[in-house]
**Q** 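Next up is a structure, given as structure tokens.
Numbers here simply count residues along the sequence, with the first being 1.
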Amino acid sequence: MKIMNISHRHSVIPSKFQNHNIKNVFKFKTRNSFPHSFLICASHSHKNGSTFTISCKLKTSKNDIDKKSMDKSLQTKIVVPELDGAPSLSRAEEERGSGAPVKPPPLSSKKNVLGLLKGLPRRILAVLSNLPLAIAEMFVVAALMALGTIIDQGEAPGYYFQKYPEDNPVLGFFTWRWVLTLGFDRMFSSPVFLGTLALLGASLMACTYTTQIPVLKVAKRWSFLYSTEAIRRQEYSDTLPRASLQDLGIILMGAGYEVFLKGPSLYAFRGLAGRFAPIGVHLALLLVMAGGALSATGSYKGSVTVPQGLNFVIGDVLGPSGFLSTPSESFNTEVHVNRFYMDYYDSGEVSQFHSDLSLFDFNGKEVMRKTISVNDPLRYGGITIYQTDWSLSALQITKDDEGPFNLAMAPLKINGDKKLYGTFLPVGDADSPDVKGISMLARDLQSIVLYDQEGKFAGVRRPNSKLPIDIDGFKIVVVDAIGSTGLDLKTDPGVPIVYAGFGALMLTTCISFLSHSQIWALQDGTTVVIGGKTNRAKGEFPEETNQLLDQVPEIVESTSSTQSNNLSG
């Protein structure tokens, strides 16, 4: 017997099975031996739950078999033992019939955890690559940087107590507690700024991974179009009625296109570098942010004012700015100020000041010497020494041909930011409570103003002029004015990374303006159907393509073939 068709039904149940717990009824259609006959089977379980029975009965049509044969039925019973521990079908039916809920098998907690862990990276990438989130992060970084320029950085806590007091908060709420708690006194190394910067970097990397790299992979594929309808649906389309696909490919290659032919189809593209540019821009921004973060957390800074003729050790001046700061061997270098001098305008104002510096190693050997000035620093062993300030440290004089005496000069805060220095030469009994003397004032190194014991103007002398001046019976000679150089020292390992990032950013930004243009063509008999699109310069692309198509030669029938056609006609 060959079984051809199987149908599954629940509604038709023979009467002899009504008293049993019938699970399913099957109808098998048979052919060959019993045409137009069916084998009806029913499965039911016994009440003891140990076995269940499948009963089958052959049904045939009256046209194919007589009544006597019809009374004979074919019945088959298959007894299948139940598995140990498995619930019987009758019990399950009873539970359903009684309305009791059937609990599904419990899911494995390990599988749930593994499923969550597998889907977690995709969810994180989807959140980080969200464009509104990245824009918001950039605004926060820009706002924190602006705030860092408004709030004075690196000052003592007392400075912020006075500038941002609690009894008069800025904007009604901003006090010194905000500055010191959030680390705004050192904004660019604060956890708030570095955390926001790290989040922005993660968003850039996620966007590159989920968006830019897939777009680049798609752009590198050769995508041929094999239907004229698909080509005509492009942004630009045209038709050459008498042209060759090969001639079009040669013209496109001359215009800088990469051309690929496959049968009657052509694909060409130009400006693929423009697709690389967004990835390069993201990498450049990551370099800039990484270099800035390294500068904020791994550099050393310090400043010192050194009189002419004295020296200092670099390591004694520099202080770390973050947890990544690491000293180097150059910190043991000793700096000696050989000379400090200034240049002046014709009006007498200071135009530039210079420091002649010598660097000595640990053994006392001079390793470098350079005269620095503003915007012309000294660089050695990763350390940069800038000329930033100046002052007057002492005035060297002689009194009645005695000396010379070095008189310390102190800064006087008069007339705002303009510098004024003064010193005092006692005259008479120095132990007297009412000491009188000669006062000397200087604004720079080129002239000294002298006053007598009564505070009256006595005269002006230039240092090194050797011209004496008589004041209250004393002969005073101004020998020299000793200046002090103000130096800023810095180590910044992030500077090369930042410079490289800005260079790459400028380059990739220019490359990103290159248009990625694509052209498809299909040879349809003697007609060539052309279509194309571009991601930039959409106004210029049709004009440029038309100029290229105008150069494609037209196919013309030869003279011999024309004459033969005329003769045959």
Side-chain angles (χ1 to χ4, degrees), residues 116-155 160 174 177-216 276-301 319-328 382 490-509 512:
L116 291 175
L117 292 178
K118 288 181 180 179
L120 186 60
R122 290 185 178 181
R123 295 178 182 176
I124 294 176
L125 287 175
V127 172
L128 291 177
S129 59
N130 188 13
L131 181 59
L133 176 63
I135 294 175
E137 293 165 355
M138 294 182 67
F139 272 110
V140 172
V141 170
L144 291 176
M145 292 176 67
L147 191 61
T149 59
I150 296 173
I151 300 175
D152 296 327
Q153 300 291 296
E155 300 292 341
Y160 302 104
F174 193 82
R177 294 185 182 274
W178 287 82
V179 177
L180 299 181
T181 303
L182 297 178
F184 288 169
D185 57 330
R186 291 172 174 81
M187 174 65 75
F188 302 104
S189 60
S190 64
V192 175
F193 181 80
L194 294 178
T196 308
L197 207 63
L199 187 60
L200 177 59
S203 295
L204 288 175
M205 290 187 289
C207 179
T208 302
Y209 179 76
T210 60
T211 304
Q212 300 300 335
I213 293 179
V215 169
L216 180 61
F276 285 92
I279 299 177
V281 170
H282 287 184
L283 294 177
L285 289 174
L286 289 174
L287 283 177
V288 172
M289 291 189 295
L294 183 59
S295 297
T297 59
S299 61
Y300 282 85
K301 296 180 181 179
S321 62
F323 59 93
L324 294 179
S325 300
T326 303
S328 62
K490 183 179 181 181
T491 66
D492 197 341
V495 167
I497 302 176
V498 172
Y499 285 171
F502 272 112
L505 184 61
M506 291 186 289
L507 179 62
T508 53
T509 301
S512 65

**Q** How close do L144 and V192 get, counting heavy atoms only, and between which atoms?
**A** CD1-CG1, 4.0 Å
**Q** side-chain hydrogen bond (donor to acceptor under 3.5 Å, both in side chains) with D492: which residues, sequence neighbours excluded?
**A** S295
**Q** Tell me the closest heavy-atom pair linking S203 and E137, and the distance in Å.
**A** OG-OE1, 2.9 Å
**Q** Kindly indicate whether the side chain of M138, heavy atoms from C-beta on, has any atom under 4.5 Å from the side chain of L200.
**A** yes
**Q** Looking at every non-hydrogen atom in both residues, tell me the closest pair between A504 and T508 and how far apart they are.
**A** O-OG1, 2.7 Å
**Q** Can M289 and L204 be said to form a side chain to side chain contact (heavy atoms under 4.5 Å, CB included), step by step?
**A** CA-CA 11 Å; M289 291 189 295; L204 288 175; 3.5 Å; yes
**Q** Going by side chain to side chain contact (heavy atoms under 4.5 Å, CB included), name the residues that satisfy it together with A206, two or more places apart in sequence or in a different chain.
**A** L125, L128, S129
**Q** Could you tell me which residues satisfy side-chain hydrogen bond (donor to acceptor under 3.5 Å, both in side chains) with T208, sequence neighbours excluded, listed by chain and number?
**A** H282
**Q** Closest heavy-atom contact between V498 and G292?
**A** CG2-N, 3.6 Å
**Q** I151: what forms a side chain to side chain contact (heavy atoms under 4.5 Å, CB included) with it, not counting sequence neighbours?
**A** L147, Q153, Y160, Y164, F174, V179, F184
**Q** Which atoms form the tightest heavy-atom contact between F188 and A296, and what is the distance?
**A** O-CB, 2.8 Å
**Q** Could you grab the distance from atom CG of L287 to atom CG of L505, nearest 0.5 Å is fine?
**A** 10.0 Å
**Q** Enter the distance from M187:CE to D152:CG here, rounded to the nearest 0.5 Å.
**A** 12.0 Å
**Q** Under the rule for side chain to side chain contact (heavy atoms under 4.5 Å, CB included), what residues qualify as partners of M205, not counting sequence neighbours?
**A** L286
**Q** Please list, chain by chain and in numerical order, all residues satisfying side chain to side chain contact (heavy atoms under 4.5 Å, CB included) with V288, sequence neighbours excluded.
**A** F502
**Q** Between S325 (side chain only) and S299 (backbone N and O only), is there a donor and an acceptor less than 3.5 Å apart?
**A** yes
**Q** Step by step, would you call F276 with Q212 a side chain to side chain contact (heavy atoms under 4.5 Å, CB included)?
**A** CA-CA 8 Å; F276 285 92; Q212 300 300 335; over 6 Å; no
**Q** State, to 0.1 Å, how close T297 and A293 come at their nearest heavy-atom pair, and which atoms those are.
**A** OG1-O, 2.8 Å
